[in-house]
Chemist: 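One structure is given below, represented as structure tokens, and several questions about it will come after.
Note: hydrogens, waters and symmetry copies are ignored here, and every other heavy atom, side chains too, is used. Small disclaimer: the values here were computed from a predicted structure and weren't measured.
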Amino acid sequence: MDMALEQARAAALAGEVPVGCVIARDGKVIARAGNRTLRDHDPTAHAELLAIREAASALGSERLSDCDLHVTLEPCTMCAGAMSFARIRRLYFGAADPKGGAVENGVRFFASPTCHHRPEIYGGIGESDAAKLLQDFFRERR
């Protein structure tokens with residue numbers, strides 16, 4: 001999660017919402033990203049999607065079934081859907097997102113009967129650091 005927090009801090013320095021993501025396989029990082037929606041002019045450029053694309057490219061496969069995804073904020077519905085399609089093995093996330101999250105909050109995507117793949121889910125990892133980073137970022141914007 002420390003590496004994901006580094007990605008989130010880099011995103012914040014670029015003016016992006018500070019969310020960072022790292023994907024690991026066999027204990028080795030194969031992809032990392034921070035949010036880039038503003039830079040890329042792309043509403044889908046969430047850290048999770050960027051990291052999934054990078055990992056899939058690195059492995060030469062759309063299936064990431066032996067990969068673990070670490071992200072600083074509870075994923076939204078779009079990102080949860082991408083994780084399901086990619087067959088992510090485990091999801092570790094930091095801060096809960098009562099407003100936009102879709103894992104433990106909102107639509108609870110992985111609990112849906114139409115969800116094809118459910119990763120193991122571990123929330124609250126590095127939660128206080130991730131939450132503080134987000135709170136500080138938005139406090140400065142107000």
Chemist: Does Leu59 reach the side chain of Cys67, with side-chain heavy atoms less than 4.5 Å apart?
Modeler: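 In contact.
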Chemist: Between CZ of Arg53 and CD of Glu62, what distance do you get to the nearest 0.5 Å?
Modeler: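 Going from the CZ atom of Arg53 to the CD atom of Glu62 covers 15.0 Å.
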Chemist: Taking Arg25 for the side chain and Leu64 for the main chain, is one N or O donor matched with an acceptor at less than 3.5 Å?
Modeler: no
Chemist: Under the rule for side chain to side chain contact (heavy atoms under 4.5 Å, CB included), what residues qualify as partners of Arg139, not counting sequence neighbours?
Modeler: Gln135, Asp136
Chemist: Roughly how far, to the nearest 0.5 Å, is the CE atom of Met3 from the CZ atom of Arg32?
Modeler: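 One gets 6.0 Å once the value is rounded to the nearest 0.5 Å.
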Chemist: Looking at every heavy atom in both Ser84 and Cys115, which two are closest together, and how far apart are they?
Modeler: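 Shortest heavy-atom contact: OG-SG, 3.6 Å.
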Chemist: For the side chain of Glu74 and the backbone of Asp97, is there at least one donor-acceptor N/O pair under 3.5 Å apart?
Modeler: yes
Chemist: Any donor-acceptor pair under 3.5 Å linking the side chain of Glu16 with the backbone of Thr37?
Modeler: yes
Chemist: State whether the number of non-hydrogen atoms from other residues, nucleotides or ligands found under 6.0 Å of Phe85 atom CZ is greater than 12.
Modeler: no
Chemist: In terms of hydrophobic clusters joined by side-chain contacts under 4.5 Å, are Ile52 and Leu91 together?
Modeler: yes
Chemist: Taking only residues two or more places apart in sequence, or in another chain, which ones meet Met78 in a side chain to side chain contact (heavy atoms under 4.5 Å, CB included)?
Modeler: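 Thr44, His46, Leu49, Cys76.
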Chemist: Which pair of heavy atoms, one from Ala130 and one from Gly94, lies closest together, and at what distance?
Modeler: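 That closest heavy-atom pairing would be CB-CA, 4.4 Å.
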Chemist: When rounded to the nearest 0.5 angstrom, what is the spacing between CD1 in Ile23 and CD1 in Ile88?
Modeler: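 With rounding to 0.5 Å, CD1 (Ile23) is 4.5 Å from CD1 (Ile88).
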Chemist: Might you point out which heavy atoms bring Leu73 and Glu48 nearest each other, and give the distance in Å?
Modeler: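 Nearest pair, atom of Leu73 first, then Glu48: O-OE2, 4.2 Å.
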Chemist: First locate atom CG of Leu50, then atom SG of Cys79, and finally report the distance between them rounded to the nearest 0.5 Å.
Modeler: 9.0 Å
Chemist: Hey, could you give me the CG/CG distance between Asp129 and Leu134, rounded to the nearest 0.5 Å?
Modeler: 11.5 Å
Chemist: Please name the pair of heavy atoms, one in Ala95 and one in Ala131, separated by the smallest distance, quoted to 0.1 Å.
Modeler: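 Closest heavy-atom pair between Ala95 and Ala131: CB-N, 4.0 Å.
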Chemist: Restricting to non-hydrogen atoms, name the atom on Arg90 and the atom on Tyr122 that form the minimum distance, rounded to 0.1 Å.
Modeler: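 Minimum heavy-atom contact is CD-CE1, 4.0 Å.
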Chemist: Looking at His117 and Ala86, would you say the former's side chain and the latter's main chain have a donor-acceptor pair under 3.5 Å?
Modeler: no
Chemist: Does any non-hydrogen side-chain atom of Ile121 lie less than 4.5 Å from one of Phe110?
Modeler: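 Yes; the side chains approach each other to less than 4.5 Å.
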Chemist: Would Ile30 and Met1 show up in the same hydrophobic cluster when neighbours are defined by side-chain heavy atoms closer than 4.5 Å?
Modeler: no
Chemist: Is any side-chain heavy atom of Leu69 closer than 4.5 Å to one of Tyr92?
Modeler: no
Chemist: Salt-bridged, Arg89 to Asp66, with N to O below 4.0 Å?
Modeler: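 Salt bridge flag = no for Asp66 with Arg89.
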Chemist: If I compare all heavy atoms of Val103 with all of Pro75, which pair ends up nearest, and what's the gap?
Modeler: CG2-CD, 3.7 Å
Chemist: Let me check something: do Val107 and Met83 share a hydrophobic cluster, defined by ILVMFWY side-chain heavy atoms less than 4.5 Å apart, either directly or through other members?
Modeler: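 The answer is yes; both residues are in one hydrophobic cluster.
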Chemist: If only atom types and distance count, is the side chain of Arg36 paired as donor or acceptor with the main-chain N or O of Ala45 below 3.5 Å?
Modeler: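 Not at all, since once roles are kept as given, no pair shorter than 3.5 Å links the two residues.
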